[in-house]
Structure formats: C-alpha cells, structure tokens
K.L.:
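Before we start, here is the structure in question, set down as structure tokens.
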There are 2 protein chains.
Amino acid sequence: MASDDTLPLEEFLPYRLNRLAESVSREFAKTYRDRHGLTRPEWRTFATLGQYGSMTATAIGVHSAMHKTKVSRAVSALEERKWLTRKPDPADRRTEHLSLTKAGLAAYREMVPLAKSFEKELLGKLGAKEREALLNGLQSLQSVLTVELSED
Amino acid sequence: MASDDTLPLEEFLPYRLNRLAESVSREFAKTYRDRHGLTRPEWRTFATLGQYGSMTATAIGVHSAMHKTKVSRAVSALEERKWLTRKPDPADRRTEHLSLTKAGLAAYREMVPLAKSFEKELLGKLGAKEREALLNGLQSLQSVLTVELSED
DNA sequence: TTTCAACGGTTACGAATGTAACGAACAGGT
DNA sequence: ACCTGTTCGTTACATTCGTAACCGTTGAAA
C-alpha cells in the first residue's frame with residue numbers, strides 16, 4: 001500500500017506515458033532523420049499527407065495535434081524539398097490543398113515499410129497477450145481523451 | 001486488412017503514444033502551473049526530490065530522462081524560489097546533494113494528493129478491465145525499452 | 001608530482017517552439 | 001455596399017531547448 005505523502009513517479013501515469021513516448025519516438029526518429037534529415041514536425045505532416053492524399057494545413061494540425069505554426073513551417077520545408085505542392089481552393093482563396101509530389105510519394109512509399117517494420121519489431125518483443133493488453137489499453141485511454149484533445 | 005502502401009497513423013505506436021502523453025501531460029500541467037507557476041522540468045525535478053529526499057543533479061537527470069542542462073536550470077529556478085537547497089559533498093567537491101527546503105516540502109505535500117486524484121480521476125473513466133490492460137501494457141513496453149532509455 | 005582523461009555542473013549560442021499579432025479572405029447581418 | 005466577427009495561414013518576437021564548449025575537480029597512470 002503506497003504511503004500517502006509520496007508520489008511514486010515510476011507509477012504515475014503522465015510520467016510513464018512521457019517516458020515511453022519520448023523513448024519510442026526518439027528511436028523511430030532515427031529512421032527518417034538518418035535517411036532524409038526530416039524533423040519530427042516534417043515527418044508528421046509528410047506522413048499525414050501520404051496517408052490522406054490531400055489536406056489543408058489546419059486539417060493536418062488538428063489531425064496530428066500540432067500547433068499551426070509548426071505545420072506552417074513544416075509545409076514550407078517540405079515544399080522547398082520539392083516533396084509537397086500547394087493547390088489553391090477554387091471556392092476559398094484562404095486555404096490551400098496540400099499534397100505530395102511524385103518525389104514525395106516515392107519517399108513515402110519507401111518509408112512506409114520501414115515504419116511498419118519498426119513497429120512490428122517493437123511489438124514483437126512483447127508476448128501476444130501483453131501486446132494485446134497494450135493496444136487495447138491505449139485504445140481505451142485514447143477514447144476517453146478524445147474530447148480534450150483540442151489544441152488551445 | 002491494411003493495404004501495404006499506406007501507414008495508418010492512428011494505429012501507429014509512436015504516434016499514438018505521443019498524442020496520449022502530450023494530452024495527458026498537458027492536462028496535468030495545469031495543476032502545477034496554475035497553482036505555482038512551475039514549468040515541466042521544474043515540476044519533474046521537484047517531484048523527484050520530493051520522492052527521494054536527496055539526489056545529485058545527474059541522478060535526477062538519469063532518473064527522469066531529462067537533459068542535464070534542463071535539470072541545471074530547473075534546479076536554479078527552484079533554488080531561487082527557496083524550495084531547494086544544495087549541500088556540498090564532503091568527499092567530492094564537484095557534486096551537490098539537492099533536497100527540498102521546508103517550504104518546498106510543504107508545497108510537495110500539497111501537490112501529492114492533487115496528482116493522485118488527477119490520476120485516479122483519469123483512470124476512473126476506464127473500466128476495471130481496461131485499466132488493468134493499460135497499466136500492464138505500459139509495464140511490458142517499459143520493461144522492453146529500459147535498456148534503450150539512455151539519454152545520449 | 002605531474003599529466004591527462006573523465007566527470008559534475010554551468011553557460012554561450014544557435015535551433016526549435018509557442019504566443020500574439022497580423023493580412024487577406026470569407027460570411028453574416030444591416 | 002458596408003460593417004463586424006471569424007477563419008486560414010504566415011511572421012515577429014520572446015522563451016525554451018539542446019549541442020558544444022567550458023571550468024573546476026577527481027582519480028589513475030606514468
């Protein structure tokens with residue numbers, strides 16, 4: 001029974017989640033950093049566009065929980081790299097529809113298997129039962145939090 | 001069945017962990033930010049010292065996976081706040097043993113129940129089974145990663 | 001004892017981030 | 001047509017952060 005005057009950080013949920021997320025992300029970041037020199041925000045925008053084909057900047061921000069300035073800068077960087085193009089919206093001249101160029105798509109197709117095998121390897125270190133528990137647990141927590149995920 | 005040319009981010013482990021950690025941490029941060037204006041590194045150093053009584057700066061860094069400069073600055077800030085004192089090591093004049101002052105301990109004792117009830121409330125939104133799954137899942141992942149958790 | 005690599009901790013400086021303000025475009029009402 | 005408020009996206013500025021360099025100290029080897 002835990003004494004009531006101390007907070008054991010090792011068992012404290014925010015602390016645990018942070019350490020895990022940091023550690024896993026950092027590890028995976030090597031993959032796209034070494035390969036293409038992408039930053040984390042760049043990778044996220046990139047991967048979001050790869051998955052969804054075409055999106056506006058704000059949509060990317062909402063979807064990947066990134067601040068809009070982060071997205072803005074990531075988009076510029078990817079554009080400069082010729083991996084991304086902007087297409088004006090005929091109906092609304094404020095928004096731009098972003099999508100990957102041919103080169104961007106090529107890089108994406110090359111990254112997908114790497115990402116998948118990274119995940120597979122990581123999860124493979126767990127037993128089937130533990131893996132199940134982890135994924136289900138995350139799912140439940142996620143669904144509980146969906147409401148509070150807004151940026152501001 | 002997932003097609004092999006796309007990476008569904010919503011199911012991608014690093015992505016999921018990040019969103020959850022961010023969201024939970026951000027939410028909890030309100031507690032110590034609103035109350036005392038602590039930053040995240042400050043809170044972590046503070047909570048670590050509260051739990052362990054006395055520690056060196058490097059030890060805190062290792063334990064809480066923070067960069068040593070972060071720790072250094074957090075320590076200065078807490079010292080200025082009169083929540084923390086440094087005691088020289090009689091045997092090694094490079095290291096300092098850090099601990100909370102009386103005022104720091106008072107603040108800590110005040111924070112502990114808040115942290116616990118935050119966690120309890122969050123986990124309370126899950127069913128017993130899901131909670132079990134989450135905690136076990138995190139535990140397994142954690143133990144798989146312990147080796148790779150070094151900072152550099 | 002002198003030398004030298006390694007360590008604890010701080011700091012300078014450049015990179016990354018968020019807040020706030022902004023310009024341009026839209027939508028609604030008058 | 002003209003306000004008024006809101007939205008999309010960018011940018012200026014201040015803050016936070018990490019890399020690298022640094023200082024003083026230690027221990028061990030020559």
Side-chain angles (χ1 to χ4, degrees), chain A residues 18 21-23 25-26 29-30 32-33 37-46 48-49 54-80 84-99 149-152, chain B residues 18-19 21-23 25-27 29-30 32-34 37-45 48-49 54-80 84-99 149-152:
Chain A
N18 259 302
E22 252 303 294
S23 150
S25 288
R26 204 182 274 269
K30 288 181 191 163
Y32 52 77
R33 190 165 36 77
L38 288 178
T39 68
R40 221 188 298 194
E42 281 161 32
W43 154 256
R44 287 203 187 179
T45 1
F46 174 65
T48 308
L49 285 177
S54 177
M55 259 191 165
T56 69
T58 14
I60 295 177
V62 171
H63 181 77
S64 60
M66 283 195 295
H67 196 101
K68 62 178 180 172
T69 60
K70 250 190 202 170
V71 177
S72 172
R73 296 189 251 248
V75 166
S76 300
L78 290 171
E79 186 184 27
E80 197 146 347
L84 177 153
T85 45
R86 315 172 185 244
K87 279 167 200 152
D89 184 317
D92 185 340
R93 268 177 297 173
R94 290 171 303 178
T95 70
E96 297 172 313
H97 296 276
L98 309 169
S99 56
L149 263 178
S150 61
E151 185 84 10
D152 308 16
Chain B
N18 259 303
R19 291 203 45 148
E22 252 303 294
S23 150
S25 288
R26 205 182 274 270
E27 187 61 27
K30 288 181 191 162
Y32 52 77
R33 190 166 36 77
D34 292 353
L38 289 178
T39 68
R40 219 185 309 191
E42 279 161 32
W43 154 255
R44 286 202 187 179
T45 328
T48 307
L49 284 176
S54 177
M55 259 190 166
T56 69
T58 11
I60 295 177
V62 171
H63 181 78
S64 60
M66 285 195 295
H67 199 247
K68 62 178 179 173
T69 60
K70 251 190 202 170
V71 177
S72 174
R73 296 189 252 248
V75 167
S76 301
L78 290 171
E79 186 183 26
E80 197 148 347
L84 175 153
T85 45
R86 315 173 186 243
K87 280 167 201 152
D89 184 318
D92 186 339
R93 268 178 296 175
R94 289 171 303 180
T95 70
E96 298 172 313
H97 297 276
L98 309 168
S99 55
L149 263 177
S150 63
E151 184 84 9
D152 308 15

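All values below come from the heavy atoms of this structure, side chains included, with hydrogens, waters and symmetry mates left out.
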K.L.:
Evaluate the side-chain contact (heavy atoms from CB on, under 4.5 Å) criterion for residues B:Ser64 and B:Thr45: first the C-alpha distance (whole Å), next the side-chain angles of each, then the deciding distance (0.1 Å), finally the verdict.
P.N.:
CA-CA 8 Å; B:Ser64 60; B:Thr45 328; over 6 Å; no

K.L.:
Side chain of B:Ser72 only, please: which of C:dT10, D:dT10, D:dG18 is the nearest?
P.N.:
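Comparing C:dT10, D:dT10, D:dG18 against the side chain of B:Ser72, the answer is C:dT10.
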
K.L.:
Assign A:Ala91 to base, sugar-phosphate, or nothing according to its heavy-atom contacts below 4.0 angstrom with the strands shown.
P.N.:
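Sugar-phosphate, backbone atoms only, no base.
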
K.L.:
For residues 37-44 of chain B, which residues have at least one heavy atom under 4.0 Å from DNA chain D?
P.N.:
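Going residue by residue through residues 37-44 of chain B, the ones with a heavy atom under 4.0 Å of DNA chain D turn out to be B:Pro41.
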
K.L.:
What is the distance, rounded to the nearest whole Å, between atom NE2 of A:His67 and atom P of D:dT15?
P.N.:
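After rounding, the gap between these two atoms is 17 Å.
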
K.L.:
I'd like to know if the side chain of A:Ser72 and the backbone of A:Lys68 have a donor-acceptor N/O pair within less than 3.5 Å.
P.N.:
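Not a single qualifying donor-acceptor pair exists.
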
K.L.:
Looking only at non-hydrogen atoms, find the nearest pair between B:Tyr32 and B:Thr39 and report the distance.
P.N.:
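Scanning both residues, the minimum pair turns out to be CE1-O, 3.9 Å.
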
K.L.:
Show each protein N/O and nucleotides 6-8 of chain C N/O combination with a separation under 3.5 Å, one pair to a line.
P.N.:
{"from": "C:dC7", "atom 1": "O2", "to": "B:Arg94", "atom 2": "NH1", "distance (Å)": "2.7"}

K.L.:
Whole Å only: how far is the NZ atom of A:Lys70 from the C1' atom of C:dA20?
P.N.:
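Going from NZ in A:Lys70 over to C1' in C:dA20 covers 18 Å.
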
K.L.:
Minimum heavy-atom separation for A:Ala65 to B:Arg19, with atom names?
P.N.:
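Closest approach of A:Ala65 to B:Arg19: N-NH1, 3.8 Å.
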
K.L.:
Taking only side-chain nitrogens and oxygens of A:Arg93, does any of them come within less than 4.0 Å of OP1 or OP2 of C:dC26?
P.N.:
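Affirmative; the distance criterion is met.
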
K.L.:
Given side-chain contact (heavy atoms from CB on, under 4.5 Å), test B:Leu78 with B:Leu98 step by step and report yes or no.
P.N.:
CA-CA 11 Å; B:Leu78 290 171; B:Leu98 309 168; over 6 Å; no

K.L.:
Could you check how far CG of A:Leu98 sits from P of D:dC8, rounded to whole Å?
P.N.:
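Taking CG of A:Leu98 and P of D:dC8, I get 13 Å after rounding.
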
K.L.:
Any side-chain heavy atom of B:Val75 sitting closer than 4.5 Å to one from B:Val71?
P.N.:
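They are in contact (side-chain heavy atoms under 4.5 Å apart), so the answer is yes.
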
K.L.:
Would you mind checking if B:Glu22 and B:Arg40 are paired as a salt bridge, meaning a charged N to carboxylate O distance below 4.0 Å?
P.N.:
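Yes.
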
K.L.:
Give the nucleotide from the list D:dT25, D:dG18, C:dT11 with an atom nearest to the side chain of B:Arg73.
P.N.:
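It is D:dG18.
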
K.L.:
Identify whether the distance between the nearest side-chain nitrogen and carboxylate oxygen of A:Glu79 and A:Arg86 falls below 4.0 Å.
P.N.:
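Salt bridge present between A:Glu79 and A:Arg86.
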
K.L.:
Find the distance A:Leu84:CG to D:dG9:C1' and express it as a whole number of Å.
P.N.:
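For the pair A:Leu84 CG and D:dG9 C1', the rounded distance is 14 Å.
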
K.L.:
Give the nucleotide from the list D:dG9, C:dT19, C:dA25 with an atom nearest to the side chain of A:Thr69.
P.N.:
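Among the listed nucleotides, the one closest to the side chain of A:Thr69 is C:dT19.
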
K.L.:
Start with the C-alpha gap between A:Met55 and A:His97, add the side-chain angles, then the distance that decides, and say whether side-chain contact (heavy atoms from CB on, under 4.5 Å) holds.
P.N.:
CA-CA 5 Å; A:Met55 259 191 165; A:His97 296 276; over 6 Å; no

